[in-house]
Amino acid sequence: MKKVTVKTLFQESENWINKKIRVSGWVRTVRDSKSFGFIEINDGTFFKNLQIVFDDSLPNFKEVAKLGVGSAIVVDGELVESPGAKQPFELKATAVDIQGPATDDYPLQKKRHSFEFLRTIAHLRPRTNTFSAVFRVRSLLAFAIHKFFQERGFVYVNTPIITSCDCEGAGEMFRVSTLALNNLPRTKEGNIDFGEDFFGKETNLTVSGQLALEPFSMAFKDVYTFGPTFRAENSNTTRHAAEFWMLEPEMAFADLNDNMNLAEEMFKYLINYCFEHAPEEMEFFNSFIDIGLFERLNNVVSSDFARITYTEAIELLQKEKVDFEYPVEWGRDLQTEHERFLTEKIFRKPVFVTNYPKDIKAFYMRINEDNKTVAAMDLLVPGVGEIIGGSQREERLDYLIKRMDELQLNKEEYWWYLDTRRYGTNKHAGFGLGFERAIMYLTGITNIRDVIPYPRTVGSIEF
RNA sequence: UCCUCGGUAGCUCAACGGUAGAGCAUUCGGCUGUUAACCGAAGGGUUGUAGGUUCGAAUCCUACCCGAGGAGCCA
């Protein structure tokens, strides 16, 4: 008996119609009658289910008719055209092997569940339509990112997960230590003696691979890192997680415009890739998760992203007769309400905002001629907000040192980073893309906890 | 961390000071082409926890726990 996946059946049904085949999968629903019944199974290879028709010629008809949702079965039979309107073909079963029945307390039902409930059963939710679609798209997007950069000659660099840089300025960090918490070694002054720790100094989980990546861009020109990133912030929102994935490309001999061009090209590539490789899933999102998703994404693919400076953004917002909760004032950071207004109301598409005041941005960003702003860029998108943050880097050693002194950073800690400015420095730029935020934008899912297989957020790590 | 809303059957919700209910799910029975199948029956509850007010609390009050949305921070 030839084993066939449901995906193969849907993609080349003409090759299998009227043939005897074997299909295995999990029961999604059973509808039985006195002497016959229907089972829909999903084998994980394809978004859609395969309908099985069975009757009392099966020796185990009664057991099959009583199968619960979630049971694992192997079905032999003949693929035939279906008289029903909802599916082109169905499998007429000659044998149903019940591998693993699901007990009657199986939590997933044949009806809609709330996302909140499904988060409490994260180990079972990939068996639902929504999460099956989400996680297949997540997989495709991860591959598409590699494909995009590899096609353009970027070298993939695995930057470290454990770092000793404790002041990258991107937020609270998770400490990594093998010290016994109930018996900490102390120095003579009474401080914790990290010299006794595994690495001999304070270490944390990475909040960004950028600083480790820049030296590689000085060797390979175009590089990227893509991996897990950790922030120990006590933030409780639909778009923050303690563990998330970040993509960070870095280009040598490139400026802020090159940076934005790359981000825009990549974003459009990712959207097109999803439409091409997960049409069933995207159709589902557009119909059941976010009506209007296609319209929004098509608009993104076919139009140029808006590009404005921070100063222009402030002027635009000040002209609006809107009563913002936070004042719009040059020198203050844009609040979420301001960002949303720009991308959702004024432009109605992704917007790059560039050249922010230096005081609200990181030390490594390049100072502009005005000596007030830096060559930073944020990409704001409707619904999600900030999805990319990047900049042209300060490549001039004296400027960089001056800035680090102003911010009282410990230059010795960064000796190897500063070396890149001593030996063959050049204009270079890069950005960070929140992988989960990209998934949210492409699927219409509005909570980051629903695009991560096992999400880690404050006070929540059951799985 | 702050603000707001919420926690009632396995799930989604109703009851808003006077005997705790429905749909779905589950179990049993019926049904010869179903599509969230349909029809009939049954089981299922210390109403998040602990106090308080009251003749009487799911309902009002207090504290705590948990969840969600928004804000800050950011990707």
(message) Measuring from the side chain of A:R437 (C-beta onward, heavy atoms only), which nucleotide among B:A75, B:A68, B:G72 has the closest atom?
(response) B:A75
(request) Go through B:A36, B:G69, B:A75 for me and flag the one nearest to the A:K111 side chain. (result) B:A36
(message) Taking only side-chain N and O atoms of A:T29, does any of them lie within less than 4.0 angstrom of OP1 or OP2 on B:A37?
(response) yes
(request) Classify the ring geometry between A:F216 and A:F220 as parallel (under 30°), tilted (30 to 60°) or perpendicular (over 60°). (result) parallel
(message) So if I take every side-chain heavy atom of A:R231 and compare against B:A75, B:A71, B:A36, which nucleotide ends up nearest?
(response) B:A75
(request) Respond yes when some side-chain nitrogen or oxygen of A:T120 is under 4.0 Å from OP1 or OP2 of B:G67, and no when none is. (result) no
(message) Expressed as a whole number of angstroms, how long is the span from A:E116:CD to B:U12:P?
(response) 8 Å
(message) It should be established whether A:K110 places a side-chain nitrogen or oxygen under 4.0 Å from OP1 or OP2 of nucleotide B:G23.
(response) no
(message) If the cut-off is 4.0 Å, is A:Q335 near the phosphate of B:G72, judged by side-chain N/O to OP1 or OP2?
(response) yes
(request) Taking all heavy atoms of A:G77 and all of A:L91, pick out the closest pair and write down the distance. (result) C-CD1, 3.6 Å
(message) Given B:G72, B:U12, B:U35, identify the nucleotide with an atom nearest to the side chain of A:T237.
(response) B:G72
(message) Do A:Q392 and A:H428 pair up side chain to side chain, a donor and an acceptor below 3.5 Å, judged on atom types alone?
(response) no
Output one line per pair: protein atom, nucleotide atom from nucleotides 31-33 of chain B, and distance, for all N/O pairs under 3.5 Å.
from	atom 1	to	atom 2	distance (Å)
B:C31	OP1	A:K34	NZ	3.2
B:G33	N1	A:E90	OE2	2.8
B:G33	N2	A:E90	OE1	2.6
B:G33	N2	A:E90	OE2	2.9

(message) Pairing check on B:A41: which nucleotide meets the Watson-Crick or G-U wobble criteria with it, both distances under 3.5 Å?
(response) B:U27
(request) Would you indicate which nucleotide in B:A71, B:A68, B:C11 comes nearest to any side-chain atom of A:H113? (result) B:C11
(message) Would you say A:R112 places a side-chain N or O within less than 4.0 Å of OP1 or OP2 belonging to B:C24?
(response) no
(message) Under 6.0 Å from the ring centre and within 45 degrees of the ring axis: does the NZ or CZ of A:R449 meet both conditions for the six-membered ring of A:Y454?
(response) no
(message) Under 3.5 Å, is there a donor on one side chain and an acceptor on the other for A:W330 and A:T311?
(response) yes
(request) Look through every strand shown and name the nucleotide pairing with B:C5 as Watson-Crick or G-U wobble, where both distances are under 3.5 Å. (result) B:G67
(message) Nearest to the A:Y326 side chain among B:A68, B:G72, B:U26, which nucleotide is it?
(response) B:G72
(request) Among the candidates B:A68, B:C74, B:U34, find the nucleotide nearest to the side-chain atoms of A:R31. (result) B:U34
(message) Only pairs with both distances under 3.5 Å count, Watson-Crick or wobble alike; so what is the partner of B:G33 in this structure?
(response) none
(message) Tell me whether A:R152 forms a cation-pi arrangement with A:Y269, defined as NZ or CZ under 6.0 Å from the six-membered ring centre and within 45 degrees of its axis.
(response) yes
(request) Give the minimum heavy-atom separation between A:H146 and A:Y224, together with the two atoms involved. (result) ND1-OH, 2.8 Å
